Chemist: 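Please see the structure below; I have some questions.
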There are 2 protein chains.
Amino acid sequence: MGVHGELQYPLSERAQHLLKVLVERYIREGEPVGSRTLARESGLDISAATVRNVMADLEEMGLVRSPHTSAGRVPTVRGYRFFIDSLLKVEPLAPGQVRRLQAEIEEAAAGSDPHELAERASGILSEVTRMAGVVTVPRTEFRSLRQVEFLPLSGNRALAILVVDEREVQNRVIETGRPYGAEELQRISNYLNEHFAGLTLEEIRNRLVQDMEETRAHMSRLMEEAIEMGRRALAAPPESEEDCVVSGETQLMGFRELSDVDKLRQLFEAFEHKRELLGLLDRCVRADGVRIFIGEESGYEPLGECSVVSAPYRVDGRVVGVLGVIGPTRMAYDRVIPIVDVTARLLGAALNPRA
Amino acid sequence: MGVHGELQYPLSERAQHLLKVLVERYIREGEPVGSRTLARESGLDISAATVRNVMADLEEMGLVRSPHTSAGRVPTVRGYRFFIDSLLKVEPLAPGQVRRLQAEIEEAAAGSDPHELAERASGILSEVTRMAGVVTVPRTEFRSLRQVEFLPLSGNRALAILVVDEREVQNRVIETGRPYGAEELQRISNYLNEHFAGLTLEEIRNRLVQDMEETRAHMSRLMEEAIEMGRRALAAPPESEEDCVVSGETQLMGFRELSDVDKLRQLFEAFEHKRELLGLLDRCVRADGVRIFIGEESGYEPLGECSVVSAPYRVDGRVVGVLGVIGPTRMAYDRVIPIVDVTARLLGAALNPRA
DNA sequence: TGTTAGCACTCCGATCTTCCGAGTGCTAAT
DNA sequence: ATTAGCACTCGGAAGATCGGAGTGCTAACA
């Protein structure tokens, strides 16, 4: 962080303090802050007129603006940015809160498939922040295959059942080129289970390609078919709109700044087109911790009045998904940031293969 | 139909016609209809004053009302009811439309699990009606078991995998009382598959209870365990909020009558608490065809300004689910009713076990 | 008896005005 | 550099006005 908030001119201690108080107050009250109020609130022994001078500077730097001549000031996107990067100090979440979250996440993780888990996690985020929660379904690439089964279907199709990691069952219909009988399929699954159970899906995928090329010469018919079948069954499923779960959108209807039905509609439509959201969230997988997009920073029009606070979550040190919270730009970042941060860790932990 | 719309006093032909024209016009334009307009629009050679007299009658009977002294009239719930039950004639859907729907439904049905199918169907309904679609996930009670497998999990738990009807795979974690090994479980599934594959889940459930009681005496250990395991694996899953899928809620934000953010919020919150919706939809499984709830008729406050047009869908003659459309009371019933009707049939057909 | 023209009346909503308070920018004094 | 003072701006709330659409009622008419 920090790189975003660089300013041409350094800001005096006092100006920074005033900006901080202004943003905090605006977040709390939702109304433009006037010089008088700010002078009083700041704790500094300073007159309104002085504050006005400072405000003029801040305005020139693009950190605040006034909605009209005779209103107070509100933070601009840059103002929020600077506030978050340099002024905000985030308290760690109270241990009690952490425990509560942990309990909820673990309960959600017990015996739900990944999609359901994402739903639950998103619901939890939404409930505790009173804004919208968003969670991507955890990637299963790096989790290990426990067992695979094939069942014949009508025509040249078969049903592949993958059991991953004790918990999750994926099933896919695959084209087989010709009809296979149950026993044949049984032999194929035996072969695959023998050779690949315990490896991660990704490893298996690589191995399959490799085996195919290396040993093509002295491969038995069975092996060949098994490998082909495995390839089809394990082919990475297409990125789906369903990989991104949003919930608690309704919460956003409570905010003044979103009381315009048209804006609201745009926003909600955005939630339906999850592909864009996915793109946005993807941008934060490289970041190590919490990443924040303020208003237009997301580069996504309908989120103009909103901020996204997001964090990747990991299993075994690998990023397998992203979660976050979407709310009005004017949100209590100091409260939301640690929540997102902790939830990401907890979700990762809950996903870790058990002992 | 019909029983709802009984009136104390019979309505003259002319009054009925005027009511019909009024409702149609109101649905089209969304604004109270005045006597002058109505006189012109009715096609009858009649003066505005006469219309006013008729209106007074209709108002007394509670079929129309005026929002305020000097506005035109709008239909009341009873007015809509009478309109739908007695005045509306529904054209069957154009063959082209039917084919389009059919194509979409069948595409959706191909290789999706029931939940996904419900989502897709709901999406289709929403898209074609430009209102919100709602679909309950089809019950699997009456579909036949194809195969069952058990895999050991850690602790006293096992994973049960049920393959139902060629297409769908359900999996559940069950408590087993003691740890079981893979071979043991294999024998148990073999036993169950041998005896029960091909029967419907419900039949199996009954048989299991029956077998348990009848043959307790001369039952082998294996049988006993297999039956107990089967019982657990097939136990009816609890009714879940997820059994009801709503989509396209956003569409509702376009309607004038729902432009109040608070109302809208209530409505959207209602969509999140699907249990109530389920209750409402359940009330229409006994009806044979399309059933309509107008505004307060649903008995569900947040739907006050909305109507629900719903129909059960069947597989093998049995109702396995309900689908419908939710929109403003002022909706084009003549268009929506056949769509819901046809979609229900098509969905049923698409769910029918293939040859 | 049912229909119609005429008329006085009501009420909504759009438009305009007024007015107050909050807040600003600027200037001059400290 | 800071402050008090002051003229000025602007938004928004609270009326005031006004036109139009539509009504109910009455009296005349077929």
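Values below: every heavy atom of this structure, side chains too, minus hydrogens, waters and symmetry copies. Just so we're on the same page: letters track the sequence lines, and every chain starts at 1. It should be emphasised that the depicted structure is a prediction, and the values quoted were computed from it without experimental measurement.
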Chemist: Got a sec, which residues hit salt bridge (charged side-chain N to carboxylate O under 4.0 Å, His left out) with A:E269, two or more places apart in sequence or on another chain?
Modeler: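 In terms of salt bridge (charged side-chain N to carboxylate O under 4.0 Å, His left out), with neighbours along the sequence ignored, A:E269 is linked to A:R265.
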Chemist: Rounded to whole angstroms, how far apart are CG on B:L44 and P on C:dG2?
Modeler: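 Computing the B:L44:CG to C:dG2:P distance gives 17 Å.
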Chemist: Please list, chain by chain and in numerical order, all residues satisfying salt bridge (charged side-chain N to carboxylate O under 4.0 Å, His left out) with B:R52, sequence neighbours excluded.
Modeler: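 Salt bridge (charged side-chain N to carboxylate O under 4.0 Å, His left out) list for B:R52, sorted by chain: empty.
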Chemist: If you check the A:S47 side chain, which of C:dT4, D:dT2, D:dT3 turns out closest?
Modeler: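 That would be D:dT3.
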Chemist: Please list each protein N or O that sits under 3.5 Å from an N or O in nucleotides 20-30 of chain C, with the distance.
Modeler:
from: C:dA22; atom 1: N3; to: A:S70; atom 2: OG; distance (Å): 3.3
from: C:dG23; atom 1: O4'; to: A:S70; atom 2: O; distance (Å): 3.4
from: C:dG23; atom 1: O3'; to: A:A71; atom 2: O; distance (Å): 3.3
from: C:dT24; atom 1: OP1; to: A:R73; atom 2: NH1; distance (Å): 3.4
from: C:dT24; atom 1: OP2; to: A:S35; atom 2: N; distance (Å): 3.3
from: C:dT24; atom 1: OP2; to: A:S35; atom 2: OG; distance (Å): 2.6
from: C:dG25; atom 1: OP1; to: A:R73; atom 2: NH2; distance (Å): 3.0
from: C:dG25; atom 1: N7; to: A:R52; atom 2: NE; distance (Å): 3.3
from: C:dG25; atom 1: O6; to: A:R52; atom 2: NH2; distance (Å): 3.4

Chemist: In whole Å, I'd like the distance from the CZ atom of B:R256 to the P atom of C:dG13.
Modeler: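 Distance check: B:R256 CZ to C:dG13 P gives 13 Å.
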Chemist: If I take atom CZ in residue B:R65 and atom P in nucleotide C:dC11, what distance separates them, rounded to the nearest angstrom?
Modeler: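 It works out to 16 Å between those atoms.
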Chemist: Any salt bridge (Lys or Arg N to Asp or Glu O under 4.0 Å) involving residues 255-264 of chain A? Give me the pairs, sequence neighbours left out, ordered by first then second residue.
Modeler: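 Passing the test, one end in residues 255-264 of chain A: A:E257-A:R330, A:K263-A:E305.
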Chemist: Specify the separation, in whole Å, of atom CG of A:L38 and atom P of D:dT3.
Modeler: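 The answer, rounded to whole Å, is 13 Å.
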Chemist: Write out all pairs satisfying salt bridge (Lys or Arg N to Asp or Glu O under 4.0 Å) with one or both partners inside residues 31-47 of chain A, taking only residues at least two apart or from two chains.
Modeler: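 Counting only pairs at least two positions apart or across chains, the salt bridge (Lys or Arg N to Asp or Glu O under 4.0 Å) contacts touching residues 31-47 of chain A are A:R25-A:E41, A:R28-A:E41.
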Chemist: Under 3.5 Å, which donor-acceptor pairs do the side chains of residues 63-75 of chain B form with other protein atoms, sequence neighbours left out?
Modeler:
from: B:H68; atom 1: ND1; to: B:S70; atom 2: N; distance (Å): 3.4
from: B:R73; atom 1: NE; to: B:E59; atom 2: OE1; distance (Å): 2.8
from: B:R73; atom 1: NH2; to: B:E59; atom 2: OE1; distance (Å): 2.8

Chemist: Whether B:E297 and B:R81 form a salt bridge (side-chain N of Lys/Arg under 4.0 Å from carboxylate O of Asp/Glu) is what I want to check.
Modeler: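 The answer is yes: the pair qualifies as a salt bridge.
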